[in-house]
Amino acid sequence: MSKERTGPRAPRQSEGVRAFKRGLDVLREVNRSGGIRAGDVARALDLPRPTVYRLLETLEELGYIARSASDDRFRVTRRALSLGDGYDPGVVICQAAAPYLAELSKTLVWPVDLSTYENAAMVVQETTHARSPLSIDRGMIGKRLPMLRTSAGRAYLAACPDHERELILNHLRRIDEADDRPFLETGRLARMIAETQSRGYAIRSEGEYNAKTASIAVPIVRGGAVFGCISIIWIRSALAIEDAIAQFVGPMRDTSEAIPVGA
């Protein structure tokens with residue numbers, strides 16, 4: 001009798017363990033990537049797509065991953081914090097901000113990015129480039145943006161605490177990239193910081209990073225800490241900086257203040 005019970009149970013247990021392992025493998029791949037589409041998970045793990053879709057749906061239902069509102073990529077959620085050290089704080093802000101960016105993009109039409117600071121650069125965590133009919137660059141997630149030559153980097157530097165700013169600037173001086181040197185000149189740097197702080201937003205309008213585009217960025221600040229920056233990018237020849245400021249800054253500030261950081 002005992003043997004008869006054991007026989008049919010063994011295959012079911014083996015299949016359950018296999019499915020559980022695949023689920024963990026999928027979760028690990030999502031966590032490792034920082035943001036990945038279902039098809040890319042299937043290729044990375046050499047698993048059938050229907051299997052991966054089913055596992056992703058289950059993990060999403062359980063609250064461990066979430067699908068991006070802008071590009072169909074999956075990312076780990078705050079609940080994944082309990083699973084290990086691979087949790088990325090940037091994921092929290094991008095999940096909170098995604099629906100707000102989607103609404104902002106409907107109003108402004110031009111593509112909008114959310115970036116966070118990471119090791120002497122701003123990293124794009126969320127974007128509406130894939131949705132905007134005016135985008136000229138669709139592959140923005142994970143892109144590293146220089147601190148001194150982009151509006152996002154300038155907005156972050158101007159808004160962050162003095163001691164953090166000095167640490168970042170010292171790091172940039174040690175890296176000593178040739179393109180950054182003119183912007184690290186003491187007088188020019190001080191003017192840029194002061195002007196950005198006075199305005200409350202940063203601009204890039206002279207082709208210093210991308211000759212074809214210009215951008216404006218506003219910081220997301222809570223309690224003196226900068227959680228990230230919202231940027232809008234447009235083709236320079238299509239819109240003067242004065243007109244862009246008049247059209248974009250108000251809605252961007254409203255969005256920055258509305259994002260429920262830390263909720």
Open item on the list: Checking Ser215 against Arg204: is there a side-chain donor and acceptor pair closer than 3.5 Å?
Closed with: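 Checked: Arg204/Ser215 side chains pair up, N/O donor to acceptor below 3.5 Å.
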Open item on the list: Regarding Asn31 and Arg28, do their side chains bring together a donor and an acceptor under 3.5 Å, going by distance alone?
Closed with: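 No, no side-chain donor-acceptor pair sits under 3.5 Å.
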Kindly say whether [Y] contributes a backbone atom to a donor-acceptor pair with the side chain of [X] at under 3.5 angstrom?
| X | Y | answer |
| --- | --- | --- |
| Glu208 | Glu206 | yes |
| Thr51 | Leu47 | no |
| Asp113 | Ser115 | no |
| Arg144 | Met122 | no |
| Thr150 | Pro146 | yes |

Quick one: are [X] and [Y] in side-chain contact, heavy atoms under 4.5 Å?
| X | Y | result |
| --- | --- | --- |
| Trp234 | Ile216 | yes |
| Lys143 | Val123 | no |
| Leu114 | Thr127 | no |

NZ/NE/NH1/NH2 to OD/OE distance under 4.0 Å, [X] and [Y]:
| X | Y | value |
| --- | --- | --- |
| Lys106 | Glu103 | yes |
| Arg173 | Glu166 | yes |
| Arg75 | Glu126 | yes |
| Glu177 | Arg149 | yes |

Heavy-atom pair with the smallest gap, counting every atom of [X] and [Y]:
| X | Y | result |
| --- | --- | --- |
| Ile175 | Ala120 | CD1-CB, 3.8 Å |
| Ile203 | Arg154 | O-NH1, 2.9 Å |
| Gly200 | Arg253 | CA-NH2, 3.9 Å |

- [ ] Please lay out, stage by stage, how Met252 and Tyr201 fare under the test side-chain contact (heavy atoms from CB on, under 4.5 Å).
- [x] CA-CA 10 Å; Met252 292 175 71; Tyr201 59 89; over 6 Å; no
Open item on the list: Whether Arg188 engages the ring of Phe183 as a cation-pi pair (distance to the six-membered ring centre under 6.0 angstrom, angle to the ring normal within 45°) should be assessed.
Closed with: yes
